[in-house]
Every structure is written in structure tokens, then in C-alpha cells.
Amino acid sequence: MPTPAVLFATVSLDRDGALPLHRQLFDALRQAILSGRLRPGTRLPSTRVMASDLGVARNTVMAAFEQLVAEGYLQARVGSGTTVTSIAPDMLLNVAAAPTDSSAVGPTELSLSARGRVLAGTVRGIPDPSRRAFQAGLPSFEAFPFGTWSRLLMRHSRKPSADMLGYSQNGGCEMLRGAISDYLGVARGVNCSPDQVIVVVGAQAGLDLVARMLLDSGDTAWIEEPGYPGARGALLGAGARLHPVPVDDDGLDVAAGERVAPRARLAYVTPSYQFPLGTTMSLERRLRLLEWAQRANAWVVEDDYDSEYRYRGRPLSALQGLDTGERVIYVGTFSKTMFPALRLAYLVVPRGLVHVFRRALRHTGQDAPLAIQAAAADFISEGHYASHLRRTRALYADRLQSFTSLLAEQLGHVLELGPAHAGMQLATYLPHSIDDREIARQAEKAGVNVAALSSFYLRECPQPGLLLGYAALPEGEMRSGVAVLRQLMPASEARRAAY
Ligand SMILES: Cc1ncc(COP(=O)(O)O)c(C=O)c1O
């Protein structure tokens, strides 16, 4: 197959340029994919043909292809060559779906930066919170003590002191930073002083700040495979090049990361309850990750988004507590333990980063409203947070039990459950013969939100499945949601035979 005209039009290589040829080719192909000129499913010529058509060494084309495969833009399958991925990073789906006819695109969109396009493209549709079955990570709103919360908010809004009405300083309200650092020390084994806590408007804002502060465009970052799309988006938005590192029952496979990208600048991990598979990172892996970070002078971002919810045994302490080399940036959020619209979360940064992060917060505008910070400080220090955690832990543990029984009874013939002892959502596995994205599409039409496990992979997904949130669901909604899923599944798939 000769190289298609679109590729020739796309690729112009500057042999005297500062960037190596493989990098120029990578950039050109990536741009063609993002802009929709190379559509999902397009089959690319072989590396040999392309190298000869472009007049470059085959190694150059291979290096560019390898990187595009690693970042999820291309798929290489034995026997069917290399194609533009159709189960691509989320951004591809949106960007590729945009009209390619420039007359249909407004000037503002046309003048977006590459970073802007990536950022806009990484976001998939935001689920409607009133459709609770089976949104991942949604807490129970009914369980939240809104009476107490509004009283505390009122306390800080009725006659606010001057310092509550100006700009937030020092990375957040002092009372809240103190309350968070006390809580983290006791509950999560995090080793920090209040100074190291930086309060932000959501973990997502924290990830964005971390990526912008610590990565230059083109820097490599390890991300978990499968992993959290929000983290990918923040890293890509800062211009990072992503290296998906596989996750197994012991969490991130650090040795694999060291093999493929030993000089990465940053690793993003969810060690307590891996998102989305729900595995816990073993102590050995934790130590190895910290050792690598120390050696490689890299940062480790620990996203501890829902570790409060563990229903068997004691929660494992945070990775941050093991870090003696000041390499870990810890991220925590109140979105799961209180509610997402609060937009309140925090980073715990190594001492050396405190000053620069505080300063940067001023110009990124990611600091949270002071009245909300003050009310949250009281909510924690007066004991309401601890009681709410106790109540919701018991509630979610019950719901998990009902949910697993219901799934076994109604869908046991097709669905296998992942780890079911923590968190607010459950990873479940389907036989290879079932297309999880198709199930997710059909479920959405029937009013039920499920996320296909394959959508969390940048590379090929080893086994299809569904991520199912249950914490927000009273039994009735759970039952009707499961009934919808049952209708979408083959009636008598013999699970064992099909795996
Ligand atoms: C793994 C993970 N990290 C971070 C977040 C985002 O938290 P926030 O709502 O504070 O931005 C979520 C939310 O779903 C999550 O699942």
C-alpha cells in the first residue's frame, strides 16, 4: 500500500531541524489524528513503505509508530497492520468527531492551542447526577448532614471577618490546613505539617496544578494502565507524553515502568484502591516505586481519592508516609466523602515545593472559596466529618453486600466480580465475546450509566468489563439498574466456558 496523499500532505520533515526526525513524524501524525484528517480505523502503510516514501530510515518510522501506539493514537495488531485507534484516548473520540470542514468550525475553535484542543478533547460527557445507577464514585447525597453543613456555612457568612473576605493566602485557610493535616496523620499515616497542605478546588485542579508545575512539554509521565481519565487529561494538558504502565493484583508494575521509561519525570498512581480495577498496591511495589523516584529524580503523584472507604481490615497507610526522599505529592478530595459539587480538595506537597505551589495558586486561580474552607474546617474539627465517615462507611458496606449478592443472583452467568472490599464502585469482568462499550452505549439509552472497562485503557484491554458505582444507590434503584443490565446481556452465556 503506497503512502496515502493525506499523509504526504501532513508530514513535512525538517532534516536540519532541532527535533529528531522520529519526533517530527510523531508530532505530524498525532496532529493529523487529533484534527480528524486521519480518521479512526484508517490503516497506515507499513513502516517499510512509509520510510521509503518519506525518504527516512525505517527505524525513524518505527520509533514514531511505537510512541503513537504507547500513547493510544495507533493500534498495532498482528496480521492487520497499524491503524488509527478507534478505542483511542477519550480525546480522540471528540476531536475526531469534530467537523473536518473548516467552514463549519468557528474561528475561536480554529485558533485553539494544541494544548487547548487536547484539554477540550479529553473530557467525555459528564453524567447526569440524577441518573445514579451505576455512576462510579458518586456518594450518597441523602446521607449527608446538610442541616449541620448549612449552619456552619452560615456561621462564616453572616458576619465574616475581614480575612474571610479578601484573597485566600498561604495555600488555604489555616484552620482547614491544620484540620486536614491532623486528619491525614491519624487516618492515613501521612507525614506532614499544616504548611504542606495546599487547598484547591477539587483533586482535578490539584492534578492540573501538579502537572503544570512539575512537567515541561514533552516530559514523560507514567500513568496506570488502565487508569483515571482525569489524570491523563491533566497530564496531557500540560504537554506530557504518557507511558501507560500495566497494573496487576499488586498495583502498578514498577519494573515494567522502569523498563519502558526509566527516565520519566512523574508517575501517577492510585495505590490504595486502584482506579478502576480496585486492587491495592503491595508494600514491595510501593518501596520500589519510591526507590525509582529517588534514583530518577522523578515525582510520584499519589491520588488517594476514596481510601476512607475500606470495609474489611484496616486501610493501608498512604504511600506518602513511606517517602523519606520528598518525592511524593499526595492528593486527597472531599468529593467522595462529602459531595462533588463542594469542589474542595487538597495536595500535600514536599517541603521544598510549598512556597512555589502557594505562589502558583494565585495565578492559576485554583484556590477554594474561603467560607467553604472555614465551614469544612469546623465540620472536621467538631467531629461531624468523622461521624459522617462512620455512617457512610457502614451504609456503603451494606450496599456493597447487597450489590454483590444481586449481581451474583441476576448476572452471575456472565459477570465476574473484581475486588469487593473497598471503594464506592466495583470492577466487573465480562466474557471476551461481549463488547463492553456496546453494553455501555445500550445501557445509557436505557437510562443506566455504566463505564466500559476498556475505555480506561490506552492500549488493548485484556478483558472487557463494566465499572459499576453502587454507593449512592438505595436497594430499589440497584435492583432496577441490574434488571436493565440483565436484559442487555446474553441470557445463558456460560461464564466459565467463555473466559
Ligand atoms: C481516581 C480519581 N481521582 C480524582 C477524582 C476527582 O476528584 P475531584 O472531584 O476532587 O476533582 C476522581 C473523581 O471521580 C477519581 O475517581
Side-chain angles (χ1 to χ4, degrees), residues 90 119 122-129 132 134-141 144 172 176 180 184 188 197-211 221-235 237 247 251-252 266-281 300-310 318-320 329-348 364-369 372-373 376 396 418-419 422-427 449-451 453 455-457 467-472:
D90 308 319
L119 266 179
T122 51
V123 178
R124 54 173 117 197
I126 298 184
D128 170 358
R132 299 189 288 195
F134 292 102
Q135 248 186 72
L138 206 61
S140 164
F141 297 151
F144 190 73
L176 180 59
I180 290 172
L184 290 177
R188 303 293 307 120
V197 177
I198 309 277
V199 180
V200 284
V201 275
Q204 190 60 40
L207 294 171
D208 176 63
L209 183 63
V210 166
W222 293 2
I223 41 139
E224 294 172 325
E225 171 80 336
Y228 178 53
R232 265 188 233 153
L235 293 168
V247 167
L252 184 91
L266 180 148
Y268 166 84
V269 283
T270 50
S272 297
Y273 188 67
Q274 203 273 334
F275 186 96
L277 299 184
T279 56
T280 302
M281 193 178 199
V300 173
V301 179
E302 174 179 24
D303 184 353
D304 207 30
Y305 62 107
D306 75 353
S307 55
E308 283 79 4
Y309 297 114
R310 181 163 284 266
L319 177 66
Q320 194 272 6
I329 292 109
Y330 177 91
V331 186
T333 178
F334 292 104
S335 286
K336 315 291 169 184
T337 50
M338 291 170 77
F339 51 94
L342 198 58
R343 305 318 298 139
L344 195 63
Y346 44 90
L347 303 173
V348 176
T364 56
Q366 289 155 326
D367 41 357
I372 289 193
Q373 293 194 45
Y396 300 166
M424 304 162 80
Q425 62 252 340
L426 191 61
N449 274 308
V450 296
L453 271 192
S455 69
F456 298 106
Y457 285 81
L467 184 66
L468 304 173
Y470 57 84

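The structure presented is a predicted model; accordingly, all values stated were derived computationally and were not measured. Read the numbers this way: they start at 1 and go in the same order the structure lists the ligands and their atoms.
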Begin from the C-alpha positions of Y228 and F456 and carry the test side chain to side chain contact (heavy atoms under 4.5 Å, CB included) through to its verdict. CA-CA 7 Å; Y228 178 53; F456 298 106; over 6 Å; no

Which is it for D304 and Y330 under the side-chain hydrogen bond (donor to acceptor under 3.5 Å, both in side chains) test, yes or no, and what are the steps along the way? CA-CA 7 Å; D304 207 30; Y330 177 91; 2.5 Å; yes

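The atoms of ligand 1 that sit less than 4.0 Å from any heavy atom of Q204 are 11 (O). Which parts of ligand 1 touch G202 is read off a 4.0 Å heavy-atom cut-off, strictly below it: atoms 10 (O), 11 (O). With ligand atoms numbered from 1 in the order given, ligand 1 contributes 8 (P), 9 (O), 11 (O) to contacts under 4.0 Å with heavy atoms of R343. Atoms of ligand 1 lying under 4.0 Å from any heavy atom of K336, numbered from 1 in the order shown and given with element: 12 (C), 13 (C), 14 (O), 16 (O).
With respect to atom 4 (C) of ligand 1, the closest heavy atom belonging to the protein is D303 OD2, 3.3 Å. Protein heavy atom in closest approach to atom 6 (C) of ligand 1: Y228 OH, 3.4 Å. Protein heavy atom closest to atom 7 (O) of ligand 1, with residue, atom name and distance, is A203 CB, 3.4 Å. Among all protein heavy atoms, the one lying closest to atom 9 (O) of ligand 1 is S335 OG, 2.6 Å.
Side-chain contact between L252 and W222 is present, with heavy atoms from C-beta onward closer than 4.5 Å. Counting heavy atoms from C-beta on, the side chains of P139 and T337 never come closer than 4.5 Å. Under the 4.5 Å side-chain criterion, counting only non-hydrogen atoms from C-beta, V269 is in contact with E224. In this structure, S140 and Y396 have side chains that are in contact, with non-hydrogen atoms separated by less than 4.5 Å.
Residue-ligand proximity: G137 is placed with every non-hydrogen atom at 4.0 Å or more from ligand 1.
Across every non-hydrogen atom of L347 and G206, the tightest pair is CD2-CA, 3.8 Å. The minimum heavy-atom distance linking P276 with L467 is given by the pair O-CD1, 3.5 Å.
Between T270 and ligand 1, not a single N/O pair is under 3.5 Å apart. Residue T333 places at least one N or O, backbone or side chain, under 3.5 Å from an N or O of ligand 1.
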